[in-house]
Each structure stands twice: as C-alpha cells, then as structure tokens.
Amino acid sequence: MHCSFLALALVSVARAARPFLNEPDTGIEDVLGSTANDTLPPLEQIVGLSDFDWSARRKMSPQNYTYYRNGAAGEWSYRNDIEVFQRFRLRPRVLVDITKIDSSLPTTILGHNFSAPFFIAPCARGGYAHPDAEINSVKGAACGDILYMASLFSTKTTEEIYAAKANSSQVLLQQVYLTVNISETQELFQKIEKLGFKAIVLTVDSAADGNRHRAKRYGVGSADSSYSYLTWDFYRQLSNMTSLPIIPKGNQTVEDARLAIQNDAKAIYLSNHGGRQLDTTPSSLEVALEIYEEEPDLFKQVEVYADGGIRYGADALKLLALDVRAVGLGRPFMLSNVYGEEGVKKVIDLMKREILIDAANLGVADLKTIGPRYVNWKSVNQWFG
Ligand SMILES: Cc1cc2nc3c(=O)[nH]c(=O)nc-3n(C[C@H](O)[C@H](O)[C@H](O)COP(=O)(O)O)c2cc1C
Ligand SMILES: *[C@@H]1O[C@H](CO)[C@@H](O)[C@H](O)[C@H]1NC(C)=O
Ligand SMILES: *[C@@H]1O[C@H](CO)[C@@H](O)[C@H](O)[C@H]1NC(C)=O
Ligand SMILES: *[C@@H]1O[C@H](CO)[C@@H](O)[C@H](O)[C@H]1NC(C)=O
Ligand SMILES: *[C@@H]1O[C@H](CO)[C@@H](O)[C@H](O)[C@H]1NC(C)=O
Ligand SMILES: *[C@@H]1O[C@H](CO)[C@@H](O)[C@H](O)[C@H]1NC(C)=O
Ligand SMILES: *[C@@H]1O[C@H](CO)[C@@H](O)[C@H](O)[C@H]1NC(C)=O
Ligand SMILES: CC(=O)N[C@H]1CO[C@H](CO)[C@@H](O)[C@@H]1O
C-alpha cells in the first residue's frame with residue numbers, strides 16, 4: 001500500500017517538474033543565440049513553426065508579443081491545445097506506396113479549391129508584428145494558394161484587406177463579432193457580401209470578455225468588454241440577412257454541433273479561440289474526438305474545420321484523421337509576420353512539407369483516405385500525460 005502511494009506521489013512530482021514546451025528545445029538558442037537582440041535571424045534559419053515565437057520575441061515589444069502569445073487565466077487550455085497532440089500516438093503503416101502523396105494535398109473548402117487543407121485563422125491586430133499587417137497575410141495566402149479568414153478587429157480595414165487580393169479568384173472569408181444593434185449587423189453583412197467575401201465566420205465562443213491575466217498585466221487585453229447576444233433563433237435570423245453561408249466558430253460540444261446542423265449551418269468550426277477565452281475548455285482535437293465517438297456521420301453532413309495549437313504536420317494529420325476537412329493556424333501566422341509576407345509564405349511552405357512527409361512516413365498513400373485507424377485514440381484524459 002505504502003509503496004503504491006509513494007509511487008503515485010513520485011509520478012505527480014515528475015509531472016509537475018516537466019516544463020511546458022511552448023518552444024521545444026531544438027537547439028535554436030545554441031545556433032542563433034548570438035543574433036543581436038533587435039535583429040531577426042535570416043528566414044532560411046527558421047526550421048519549424050515554433051521558431052517564429054523566438055524571432056518575434058526579439059523584434060516585437062513585450063506588450064505586442066504578449067497580446068499574440070497570451071491565453072486565458074492559468075493558460076491550461078492554451079497549453080493543452082499544444083500538448084494534446086503528443087498524448088495520442090500515431091500508428092504508422094509500412095511498405096505502402098506513398099509516391100503519389102503530393103497530388104492529394106489540395107482540397108476544397110465550401111466548394112472553393114485550395115492547395116492544402118489548412119488556412120490562416122482570423123486574428124486581430126496584425127499591425128503589432130508588421131506595418132503592412134494583414135496585407136501580408138492576404139498576399140502570402142495567395143502565393144501559397146491557401147484560404148485566409150480576416151478578423152473583424154484587424155489593423156487594416158475590411159476594404160483594404162479585400163483590395164489586397166491577388167486577383168478576382170482569390171477566396172477570402174470574413175470573421176465577425178456582433179453587437180446587439182441589428183441594423184449595425186445588417187450593414188456589416190451587406191458590406192461583406194458586396195465586397196465579395198465568400199462566407200461569414202461568426203465567432204460564438206466569446207459571449208463575454210476573455211479572462212486574460214497575462215495580457216492584463218501588460219495592458220493588452222481584449223478590445224471587447226460587452227456581452228454579446230447569440231442564440232440559435234438569432235442565428236437563423238442572421239442567416240436570413242445574407243446569402244453567404246454563416247459558419248459558427250467556437251462550438252465545443254457534440255450537442256452544439258448537432259444544433260448547428262439542425263439550424264442549417266453549412267460548416268462548423270471547432271475552436272477554443274486558441275485558449276484565449278474560457279480557460280479549461282477542450283482543444284478542438286478532443287471535441288472532434290467526442291463528435292467522432294458520438295456522431296461520426298456529422299462529418300459527412302457538414303464540413304468541419306478546427307484550430308488551436310497546431311504547430312507540426314503530424315498535428316494536422318490527427319485532425320484530418322477524424323474527418324476534419326481543414327485546420328486553422330493562428331499564432332504561427334501572426335508571429336511569422338515579423339518577417340512580412342515572406343514569413344507568412346514560410347509558414348505555408350513548412351506546413352505543406354511537414355504534412356506531406358509526415359503522411360508519407362505514416363504510410364498514407366492518399367491524404368483523402370486518412371482515417372482514425374492511423375492514430376491510437378486511447379489516451380489518459382489529463383492535462384499532462
Ligand atoms: C493574436 C490573436 C488574435 C485573435 N483574434 C481573433 C479574432 O479577432 N476573432 C476570432 O474569431 N478569433 C481570434 N483569435 C483566435 C484564432 O482565430 C484561432 O482560433 C486561434 O489563434 C488558434 O490557435 P493557435 O493560435 O494556437 O493556432 C485570435 C488569436 C490570436 C492569437
Ligand atoms: C539580449 O538581451 C538579454 C536580456 O536583456 C541579454 O541577457 C542577452 O545577453 C542579450 N543578447 C545579445 C546577443 O545581445
Ligand atoms: C476546382 O478543381 C476542380 C478539379 O481540379 C476543377 O474541375 C474545378 O474547375 C476547380 N474549380 C474552380 C472554381 O477553380
Ligand atoms: C507595437 O504595435 C504598435 C501598434 O501597431 C506599433 O505602433 C509599434 O511599433 C509596435 N511595437 C513594436 C516594437 O513593434
Ligand atoms: C489568382 O490567385 C490565386 C491565389 O489565390 C492563384 O492560385 C491563381 O493562380 C491566380 N489566378 C490567376 C489567373 O492569376
Ligand atoms: C444602431 O446602428 C445604426 C447603424 O449603424 C445607428 O444608426 C444607430 O444609431 C444604432 N442604434 C443604437 C441604439 O446605437
Ligand atoms: C427567413 O426568411 C423566410 C423567407 O423570407 C421566412 O419565411 C422566415 O420566417 C425567416 N426566418 C427568420 C428566422 O427570420
Ligand atoms: C460551447 C459553445 O460555444 N456553444 C455555442 C455554439 O454556438 C451557438 C450559436 O451561436 C451558441 O449559442 C453556443 O453558445
């Protein structure tokens with residue numbers, strides 16, 4: 001008896017001692033540590049997405065960096081978003097012909113063609129990293145042929161963002177937060193539709209202000225301090241105000257996913273807002289797993305997107321394995337913008353390459369055929385595993 005208690009106590013000490021790996025140690029400090037503090041290391045030296053954290057901390061003011069980096073309260077959701085992926089081990093198959101994997105990277109999102117199943121998630125205040133702010137994201141997305149979703153709280157105006165499109169065929173979506181003023185909403189929807197955005201992404205996970213301790217310390221909290229009125233009745237009313245699809249972003253339970261379908265949503269977007277809104281909400285991988293276990297057909301009825309903590313190709317593959325159609329990345333794109341458009345493009349190139357080589361090593365011949373059998377979903381449901 002005594003022994004097993006002791007063993008348990010030791011295990012919990014070991015867990016408590018393990019540091020949280022926001023930036024895993026892959027030698028960046030050893031190789032680039034002598035770079036002058038206010039200088040960016042050359043983009044060629046950036047080998048993975050978390051390296052952009054390291055670069056951005058040198059270039060941005062502590063306040064600006066903290067606005068991007070922060071999570072809500074004790075940041076358990078933020079950490080879990082990143083760490084959840086290592087709790088589920090892959091199940092690679094060997095001796096599979098994977099030589100045609102490249103041709104399976106492109107996908108469609110709401111019927112539009114893109115070169116890869118990931119996109120730039122809507123993020124506010126692009127100007128904190130670069131004077132050209134979101135313009136770099138639009139251009140980078142065009143160059144890499146992926147989807148960009150613009151935030152309502154962007155540094156640049158909706159008009160400026162739309163005007164930066166590469167050509168008339170570049171597809172952009174617009175994220176919105178709503179006020180209680182219906183005529184204001186009506187005007188906003190009309191503007192978005194008139195400009196030519198292809199869908200409205202309605203953030204539903206921020207009914208109230210986010211509880212952001214780290215951000216508050218630096219005086220860079222959320223801009224929005226009011227409560228929002230959001231119900232499914234209202235969602236139907238909103239759908240009547242526009243011909244564009246309205247995609248709820250931030251649903252976090254299978255119950256809400258079912259309700260979304262009953263209310264004719266064309267797509268749903270699983271997200272806990274990058275752990276920035278309500279601490280201890282689940283990661284989108286856990287929500288996708290809940291849906292897969294309780295209602296796998298749901299993935300066939302609507303397109304499901306997911307974001308939060310995706311930093312590697314293998315992370316994306318785990319979500320794709322659960323029939324998620326495309327995954328979003330927030331912070332990596334925001335932080336890479338310290339290098340401007342080139343940084344945004346580098347994130348796209350790194351992700352494309354990692355998705356392809358990881359899928360190939362996993363023995364996936366065609367990304368469209370990846371399924372839950374490629375992952376061991378037995379996991380201990382705890383914050384640190
Ligand atoms: C700096 C920053 C600003 C954000 N602004 C918004 C926003 O205006 N609207 C929104 O719906 N989500 C916003 N998000 C959440 C992102 O859309 C996305 O859900 C999240 O960043 C994904 O997690 P990741 O950063 O770990 O990739 C923001 C996230 C960050 C990091
Ligand atoms: C950068 O700044 C930190 C903290 O001020 C300091 O410890 C470090 O030596 C500096 N590095 C260089 C290369 O100047
Ligand atoms: C999307 O790609 C498909 C297949 O490659 C093609 O037939 C279709 O015309 C493309 N659609 C658009 C809008 O470009
Ligand atoms: C922080 O962001 C503000 C607002 O965009 C900008 O004026 C300022 O130059 C930024 N600071 C740094 C150090 O980049
Ligand atoms: C328009 O831009 C898209 C990127 O969004 C690119 O894939 C496409 O080739 C461009 N089309 C033309 C005709 O230049
Ligand atoms: C609601 O928005 C409309 C259009 O922007 C504005 O004219 C009106 O004054 C607003 N009403 C209130 C109560 O704020
Ligand atoms: C939406 O519009 C249709 C047709 O105009 C109408 O029948 C329906 O009641 C409206 N629904 C809501 C929720 O406003
Ligand atoms: C958990 C969660 O965010 N649920 C939301 C799903 O979307 C509906 C419609 O906007 C909201 O009412 C729920 O609160």
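Note that the structure is predicted; figures quoted are calculated from it, not measured. Order of appearance sets the numbers: ligands from 1, and atoms from 1 within every ligand.
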Which is it for [X] and ligand 1 at heavy atoms under 4.0 Å: side chain, backbone, both or neither?
X    : value
R125 : neither
S271 : side chain
T203 : side chain
R276 : side chain
H273 : both

For [atom], which protein heavy atom lies nearest, and how many Å away is it?
atom                    : answer
atom 18 (C) of ligand 1 : D307 OD2, 3.0 Å
atom 12 (N) of ligand 1 : K249 NZ, 3.0 Å
atom 17 (O) of ligand 1 : P122 O, 2.7 Å
atom 27 (O) of ligand 1 : G330 N, 2.8 Å
atom 8 (O) of ligand 1  : S151 OG, 2.7 Å
atom 24 (P) of ligand 1 : R331 NH1, 3.6 Å
atom 28 (C) of ligand 1 : C123 SG, 3.7 Å

Do [X] and [Y] have side-chain atoms, one donor and one acceptor, less than 3.5 Å apart?
X    : Y    : value
R212 : N70  : no
E286 : N80  : yes
N181 : T179 : no
D366 : T369 : no
Y65  : D53  : yes

Consider every N or O of [X] and every N or O of ligand 1, then say whether any pair is closer than 3.5 Å.
X    : answer
P332 : no
R311 : yes
Y67  : no
Y177 : yes

Using a strict cut-off of 4.0 Å, indicate which atoms of ligand 1 neighbour a heavy atom of [X].
X    : answer
G309 : 23 (O), 24 (P), 26 (O), 27 (O)
G308 : 22 (C), 23 (O), 26 (O)
Y68  : 1 (C), 31 (C)

[X] with [Y]: basic N within carboxylate O range, under 4.0 Å:
X    : Y    : answer
R57  : E23  : yes
E303 : K266 : no
D315 : K318 : no
K345 : E341 : yes

**Asked** For F153 and Y177, what are the C-alpha separation, side-chain angles and deciding distance, and is it a ring-ring contact (aromatic ring centres under 6.0 Å, His included)?
**Response** CA-CA 9 Å; F153 293 151; Y177 292 107; 5.0 Å; yes
**Request:** Give the intermediate values and the outcome of ring-ring contact (aromatic ring centres under 6.0 Å, His included) for residues F114 and F119.
**Result:** CA-CA 9 Å; F114 296 99; F119 58 88; 9.0 Å; no
**Message:** Here's one to test your reading of the geometry: is the NZ or CZ of R58 within 45 degrees of the ring axis of W54 and under 6.0 Å from its centre?
**Reply:** yes
**Asked** Can you check whether N167 has an N/O within less than 3.5 Å of an N/O in ligand 5?
**Response** yes
**Item:** Sub-4.0 Å heavy-atom approach of L329 to ligand 1
**Value:** yes
**Worked check of ring-ring contact (aromatic ring centres under 6.0 Å, His included) between Y305 and F118** = CA-CA 9 Å; Y305 318 130; F118 63 89; over 10 Å; no
**Request:** Could you check R276 against S77 for side-chain hydrogen bond (donor to acceptor under 3.5 Å, both in side chains), going step by step and ending with a plain yes or no?
**Result:** CA-CA 8 Å; R276 296 164 73 81; S77 284; over 6 Å; no
**Prompt:** Would T158 and Q174 satisfy side-chain contact (heavy atoms from CB on, under 4.5 Å), going step by step from the backbone distance to the final call?
**Reply:** CA-CA 8 Å; T158 312; Q174 175 65 53; 3.5 Å; yes
**Request:** Out of A124, A121, A150, A306, indicate the one that has the non-hydrogen atom closest to atom 4 (C) of ligand 1.
**Result:** A124
**Prompt:** Near D145, which atoms of ligand 5 are under 4.0 Å from a heavy atom of that residue?
**Reply:** 7 (O)
**Prompt:** Parallel under 30°, tilted from 30 to 60°, perpendicular over 60°: which one fits the rings of Y339 and F52?
**Reply:** perpendicular
**Message:** Around atom NZ of K216, are there more than 12 heavy atoms from other residues, nucleotides or ligands closer than 6.0 Å?
**Reply:** no
Between ligand 3 and the protein, tabulate every N or O atom pair separated by less than 3.5 Å, reporting distance only.
unit_1   : atom_1 : unit_2 : atom_2 : d
ligand 3 : 2 (O)  : N113   : OD1    : 3.3
ligand 3 : 2 (O)  : N113   : ND2    : 2.3
ligand 3 : 11 (N) : N113   : ND2    : 2.9
ligand 3 : 14 (O) : N113   : ND2    : 3.4

